[in-house]
Amino acid sequence: MAASDQQVPTKPKRKRFRDLSPEQQAEYRDNLRHSAAHVLAEAVLKLFPEAKLTIGPPIRDGFYYDFDVERPFTPDDLSAIEKEMQASIRANTAFVEREVSRDEARELVADNRYKQELIDGIPEDEKVTFTSHSNGAFDDLCRGGHVDTTGQISAFKLLSTAGAYWRGTEANPMLQRIYGTAWESRDKMRVYLKQREQAQQRDHRRLGAQMGLFFFDQLAPANPFFRPKGAFVYNTLVDYVRGLYQRYGYDEVITPQMFNTDLFKTSGHYDNYIENMYMLEIDEQEYGMKPMNCPSHAVMYSKSLHSYRELPIRYADFGRLHRYELSGVTAGLTRVRSFVQDDAHIFCREDQIADEVNGFIDMLNESYEVFGFDSTRFVLSLRPDKRVGSDELWDGAESALEAVLQERGGEFETAEGEGAFYGPKIDMFVPDALGREWQLGTVQIDFNQPERFDLTYVNAESDRERPVMIHRAMLGSLERFIGVLIEHLGGNLPLWLSPTQAMLVPIADRHNDYAYAVASKMRNAGLRVEVNDASERMNAKIRDAQLQKINYMLVVGDREIEDDAAALRTRTGENLGAIKVEEIIAKLTEEVKNLTL
RNA sequence: GCCAACGUAGCUCAGUGGUAGAGCAGCAGUUUCGUAAACUGCAGGUCGUGGGUUCGAUCCCCACCGUUGGCUCCA
């Protein structure tokens with residue numbers, strides 16, 4: 001501690017933020033952000049006295065507060081509110097917590113049904129507390145967790161407004177939410193806002209257009225068009241997965257696109273998923289586009305008699321799926337209405353579950369490493385209240401999944417009650433450029449479909465037994481995967497996945513022929529190369545290749561022609577100088593072979 | 001689906017109650033250049049769609065379509 005601390009201050013001196021432990025820092029930020037939410041609520045009440053307060057938690061990078069108000073907030077409201085907040089912060093008043101009795105609490109929020117509901121939800125053995133600031137001018141039911149004074153909220157900014165249902169349920173009234181960000185210093189906030197801006201540069205929709213990969217058109221909302229280069233990426237991913245399947249023992253199948261709805265009545269989708277299905281009528285019969293592959297795989301399994309010796313059977317399917325998603329939730333490639341998954345269903349005996357899941361995670365980890373996903377979050381979801389299958393089945397499956405995760409030693413989270421009604425599952429989440437997480441991989445145990453389709457195998461005693469079905473996807477929807485991958489890599493696809501691996505850049509027109517000759521050599525070696533023979537300056541050609549995220553630029557001029565070489569430049573801006581064309585080919589070929597990131 | 005914002009040239013955007021502009025891209029010509037944007041010129045838009053108000057609508061109003069940010073990280 002500093003020497004100045006020898007003088008005993010009247011109040012314990014606050015430690016500087018950077019001297020706090022990581023846990024304390026996180027707590028301080030939460031407190032800061034939650035305090036900012038209080039100040040926000042105060043400001044809103046000043047300007048909109050009729051507003052009803054609800055909740056205002058700290059969130060990642062900031063905070064929000066939900067209000068029940070007569071009309072939605074406008075951008076102008078936001079700046080007015082921000083001004084009010086600043087006044088309150090300048091006043092630098094203390095946050096004061098106090099315990100109140102339940103009756104008193106109810107009295108204090110008598111005209112606020114939301115707060116009443118919150119009080120009802122507080123367990124009997126917990127204290128009910130209110131927190132005030134601005135010398136009591138603002139008072140709110142609050143669990144606590146504040147900074148000492150409003151003045152500590154030195155850096156904040158209101159970012160956006162949004163409608164939000166009370167408790168996130170559509171049946172509830174829609175509240176108006178204000179999002180803001182708050183930091184321990186102005187510098188930190190500046191850094192954050194800048195990062196936010198940079199993340200937008202990595203948005204896959206922006207990069208996808210820039211790289212000429214795909215586009216959307218209102219003629220087919222939420223259905224991407226993949227241009228030649230995008231289709232190349234798409235198909236190369238499928239090829240990659242097929243390669244893994246060959247090693248990990250999967251068999252690819254092809255199944256129909258649309259089915260008589262009898263299938264979905266058997267599978268249960270007709271009762272539970274019809275809202276998301278595209279239906280059509282053919283020959284006065286009701287048909288539906290498949291939203292999932294599992295029913296067709298169950299049909300395929302049921303078409304022949306199976307011995308326990310055949311199991312596990314692993315059917316892989318790159319079938320196109322259609323799901324009607326609400327218009328408000330579709331987004332770029334990450335949430336579309338038509339997509340293909342690297343989907344497969346494993347039919348196995350109960351005692352094979354652990355091995356199957358284990359083998360799947362091996363494959364998944366192998367692939368995620370190739371793509372550089374190193375912050376994958378594994379979540380194990382256990383039995384919900386509403387479920388099918390006996391407790392014994394669930395016990396077995398849950399402990400099998402948990403044991404696999406335990407034995408592998410990696411970190412994972414457990415979500416009680418979050419499993420599907422048909423079985424427990426493990427989901428794998430990966431963040432996008434803005435830190436929003438998307439589910440890519442999943443492995444789900446299913447006790448339901450085998451029952452519904454009456455699937456059986458013959459065991460060693462010649463008796464019929466019920467197999468377990470395992471749904472699993474590694475990259476998940478290829479569309480989403482491509483979107484997340486682009487953001488993850490900032491568009492810098494690895495060489496093996498890159499639609500254009502190298503751009504030949506002739507310095508002057510007289511070098512064009514040589515450039516074409518080099519390109520042809522490289523193409524013969526299996527590389528994907530283009531020649532930019534435009535009558536442009538070399539700088540412009542390089543810039544053009546950079547924007548397209550092309551891995552290598554091969555600059556050729558008089559000197560290179562002399563030596564049968566090309567000056568190699570990487571998209572990271574590195575100039576590797578003149579290298580013999582043969583060497584370049586060898587280098588790139590090696591890089592492709594090794595799936596170098 | 002719900003709340004809000006937005007929709008103008010291929011892209012990024014400006015603009016006004018009197019039928020529209022810029023930069024980049026495209027095309028033509030000039031330039032032939034050493035590691036992220038050469039110069040000149042030309043061409044390019046039923047201002048998302050459909051109604052309404054108005055002498056007149058890209059602009060104001062309504063509806064629809066689409067896109068974007070949100071819609072339990074719970075007092």
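Proteins get letters first, then strands, A, B, ... in listed order; numbering begins at 1 in each. Bear in mind the structure is a predicted one, so any value in this text is a computation, not a measurement.
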Student: What is the distance, to the nearest angstrom, from the CD atom on A:Gln200 to the P atom on B:rG69?
Tutor: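 So the two atoms are 9 Å apart, to the nearest Å.
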Student: Is the distance from the ring center of A:Phe481 to that of A:Phe373 below 6.0 Å?
Tutor: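 Ring centroids of A:Phe481 and A:Phe373 are less than 6.0 Å from each other.
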Student: At under 4.0 Å between heavy atoms, what does A:Ala578 touch on the DNA or RNA strands: base, sugar-phosphate, or nothing?
Tutor: nothing
Student: Side-chain N or O of A:Arg569 versus OP1/OP2 of B:rA36: is the shortest distance under 4.0 Å?
Tutor: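 Yes, because at least one side-chain N or O of A:Arg569 sits under 4.0 Å from OP1 or OP2 of B:rA36.
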Student: Which value, in whole Å, describes the distance between the C1' atoms of nucleotides B:rG56 and B:rG18?
Tutor: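 Their C1' atoms lie roughly 7 Å apart.
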Student: Given B:rA75, B:rG1, B:rC33, which nucleotide is nearest the side-chain atoms of A:Glu170?
Tutor: B:rG1
Student: What is the distance from CG of A:Asn276 to P of B:rG1, rounded to the nearest Å?
Tutor: 13 Å
Student: Does A:Lys229 come within less than 4.0 Å of A:Glu530, counting only side-chain N to carboxylate O?
Tutor: yes
Student: Please report the distance, rounded to the nearest Å, between CZ in A:Arg60 and C1' in B:rC74.
Tutor: 17 Å
Student: Quick check: on RNA chain B, is the nucleotide nearest A:Val555 upstream (toward 5') of the one nearest A:Glu126, or the reverse? Name the residue that is more 5'.
Tutor: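 So the residue in question is A:Val555.
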Student: Does a side-chain N or O of A:Arg205 approach OP1 or OP2 of B:rG69 to a distance below 4.0 Å, or not?
Tutor: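 Checking B:rG69 against A:Arg205, a side-chain N or O does come within under 4.0 Å of OP1 or OP2.
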Student: Could you let me know what B:rC71 is paired to, Watson-Crick or G-U wobble, both distances under 3.5 Å, or none if it's on its own?
Tutor: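 Result: B:rG1.
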Student: Expressed as a whole number of Å, how far does the C1' atom of B:rU58 sit from that of B:rG17?
Tutor: 10 Å
Student: How close or far is atom C1' of B:rA4 from atom CD of A:Gln176, stated in whole angstroms?
Tutor: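 For the pair A:Gln176 CD and B:rA4 C1', the rounded distance is 7 Å.
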Student: Contact class for A:Asp217 (heavy atom, under 4.0 Å): base, sugar-phosphate, or nothing?
Tutor: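 A:Asp217: no heavy atom of the nucleic acid under 4.0 Å.
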Student: Thinking salt bridges, do A:Arg29 and A:Glu184 make one under a 4.0 Å N-O criterion?
Tutor: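 Yes.
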Student: Answer with base, sugar-phosphate or nothing: what part of the nucleic acid does A:Glu574 contact at a heavy-atom distance below 4.0 Å?
Tutor: nothing
Student: Base, sugar-phosphate or nothing for A:Thr131? Non-hydrogen atoms, less than 4.0 Å.
Tutor: nothing
Student: Among B:rA38, B:rG1, B:rG34, which nucleotide sits nearest the side chain of A:Val329?
Tutor: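 Closest nucleotide to the A:Val329 side chain: B:rG1.
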Student: Taking only the side-chain heavy atoms of A:Lys115 (C-beta and beyond), determine which of B:rC74, B:rG1, B:rA75 contains the nearest atom.
Tutor: B:rA75
Student: Examine A:Phe63 together with A:Phe156 and report whether their ring centres are nearer than 6.0 Å.
Tutor: no
Student: Does A:Ser160 make a side-chain N or O approach to OP1 or OP2 of B:rG70 shorter than 4.0 Å?
Tutor: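 No, because none of the side-chain N or O atoms of A:Ser160 sits under 4.0 Å from OP1 or OP2 of B:rG70.
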Student: Tell me whether the side-chain N or O atoms of A:Glu275 pair up with the base of B:rG1 as donor and acceptor below 3.5 Å, since no angle test is needed here.
Tutor: no
Student: When the C1' atoms of B:rU54 and B:rA22 are considered, how many whole Å apart are they?
Tutor: 31 Å
Student: So which nucleotide does B:rU12 pair with, by the Watson-Crick or G-U wobble rule with both distances under 3.5 Å?
Tutor: B:rA22
Student: Over how many whole Å does the gap from A:Ile542 atom CD1 to B:rA38 atom P extend?
Tutor: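 About 11 Å, once rounded to whole Å.
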Student: For B:rU35, take OP1 and OP2 only and decide whether either is under 4.0 Å from a side-chain N or O of A:Arg571.
Tutor: no
Student: Quick test of your reading of the model: are A:Asp120 and A:Arg106 salt-bridged, counting only N-O distances below 4.0 Å?
Tutor: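 A salt bridge links A:Asp120 with A:Arg106.
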Student: Nearest to the A:Leu547 side chain among B:rU72, B:rG48, B:rA36, which nucleotide is it?
Tutor: B:rA36
Student: Between B:rU67, B:rC74, B:rG34, which one does the side chain of A:Arg167 approach most closely?
Tutor: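 Nearest nucleotide to the side chain: B:rC74.
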Student: Without decimals, in angstroms, what is the distance between A:Arg335 CZ and B:rG70 P?
Tutor: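 Checked: the CZ to P distance equals 14 Å.
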Student: From C-beta outward on A:Cys142, which listed nucleotide comes closest to its side chain: B:rA75, B:rG1, B:rU72?
Tutor: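 Selected nucleotide (nearest to the side chain): B:rA75.
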Student: What nucleotide among B:rA75, B:rG69, B:rU32 has an atom nearest to a side-chain atom of A:Val128?
Tutor: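 From the listed options, B:rA75 comes nearest.
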Student: Just to be sure I understand the rule, does A:Gly332 reach a base, reach only the sugar-phosphate, or reach nothing, if contact means heavy atoms closer than 4.0 Å?
Tutor: sugar-phosphate
Student: Which listed nucleotide (B:rG34, B:rC74, B:rG1) is nearest to the side chain of A:Arg559?
Tutor: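 For A:Arg559, the side-chain atoms sit closest to B:rG34.
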Student: Which whole number of Å gives the distance between the P atom of B:rG26 and that of B:rC64?
Tutor: 41 Å
Student: Considering only the C1' atoms, how many Å lie between B:rU8 and B:rU46, rounded to the nearest integer?
Tutor: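 These two C1' atoms come out 13 Å apart once rounded.
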Student: Closest nucleotide of RNA chain B for A:Tyr179 versus for A:Met174: which of these residues is on the 5' side?
Tutor: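 Upstream on the strand: A:Met174.
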Student: For B:rA36 and B:rU49, measure between their P atoms and round to the nearest Å.
Tutor: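 B:rA36 and B:rU49 have their P atoms separated by 42 Å.
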Student: Using 0.5 Å steps for rounding, measure from the CD atom of A:Glu84 to the NZ atom of A:Lys46.
Tutor: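 These two atoms lie 4.5 Å from each other.
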Student: Test for a donor-acceptor pair under 3.5 Å between the base of B:rG1 and the side chain of A:Tyr165, counting only N and O atoms.
Tutor: yes
Student: Counting side-chain heavy atoms from C-beta on, which of B:rC73, B:rU35, B:rA75 comes nearest to A:Ile59?
Tutor: B:rC73
Student: Using the P atoms only, state how far B:rA25 lies from B:rA38, rounded to an integer number of Å.
Tutor: 9 Å
Student: From B:rA75, B:rC3, B:rU72, pick the nucleotide closest to the side chain of A:Arg177?
Tutor: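 The listed nucleotide nearest to A:Arg177's side chain is B:rU72.
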Student: With a cut-off of less than 4.0 Å, is there a side-chain N or O of A:Tyr324 near OP1 or OP2 of B:rG1?
Tutor: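 Answer yes for this pair, as a side-chain N or O of A:Tyr324 is under 4.0 Å from OP1 or OP2.
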Student: Give one of base, sugar-phosphate or nothing for A:Ala508, where a contact means two heavy atoms less than 4.0 Å apart.
Tutor: base
Student: Mind checking if A:Ala567 touches a base, just sugar-phosphate, or nothing, with heavy atoms under 4.0 Å?
Tutor: base
Student: Measuring from atom CD1 of A:Ile178 to atom CG of A:Asp77, what distance do you get when rounded to the nearest 0.5 angstrom?
Tutor: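 A:Ile178 CD1 to A:Asp77 CG: 7.5 Å, rounded to 0.5 Å.
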Student: Rounded to the nearest Å, what distance is computed from the CD atom of residue A:Gln116 to the P atom of nucleotide B:rA75?
Tutor: 17 Å
Student: Report yes if a side-chain nitrogen or oxygen of A:Arg543 is closer than 4.0 Å to either non-bridging phosphate oxygen (OP1 or OP2) of B:rA37; otherwise report no.
Tutor: no
Student: Just name whichever nucleotide pairs with B:rC39, Watson-Crick or G-U, keeping both distances under 3.5 Å, else none.
Tutor: B:rG29
Student: In Å, rounded to the nearest 0.5 Å, how long is the span from CG of A:Asn551 to CG of A:Asn492?
Tutor: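 Rounded to the nearest 0.5 Å, the CG-CG separation comes to 8.0 Å.
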Student: Could you state the atom-to-atom distance from CE of A:Met538 to C1' of B:rU31 in whole Å?
Tutor: 15 Å
Student: Between the side chains of A:Arg337 and A:Glu479, is the shortest nitrogen-to-carboxylate-oxygen separation below 4.0 Å, so that they form an ion pair?
Tutor: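 Not counted as a salt bridge, because no side-chain N and carboxylate O are separated by less than 4.0 Å.
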Student: Looking at the base of B:rU35, is there any donor atom on it, or on the side chain of A:Asn539, that sits under 3.5 Å from an acceptor on the other one?
Tutor: no
Student: With hydrogens left out and only the distance checked, is there a donor-acceptor pair under 3.5 Å joining A:Arg537's side chain and the base of B:rA38?
Tutor: no
Student: Considering only atom C1', compute the distance from B:rA9 to B:rG48 and round it to an integer number of Å.
Tutor: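 These two C1' atoms come out 14 Å apart once rounded.
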Student: Does A:Leu326 reach a base, just sugar-phosphate, or nothing at all? Heavy atoms under 4.0 Å.
Tutor: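 Contact class for A:Leu326: base.
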Student: Please walk me through it: do A:Gln501 and A:Ser498 pass side chain to side chain donor-acceptor pair (under 3.5 Å)?
Tutor: CA-CA 6 Å; A:Gln501 298 169 314; A:Ser498 207; over 6 Å; no
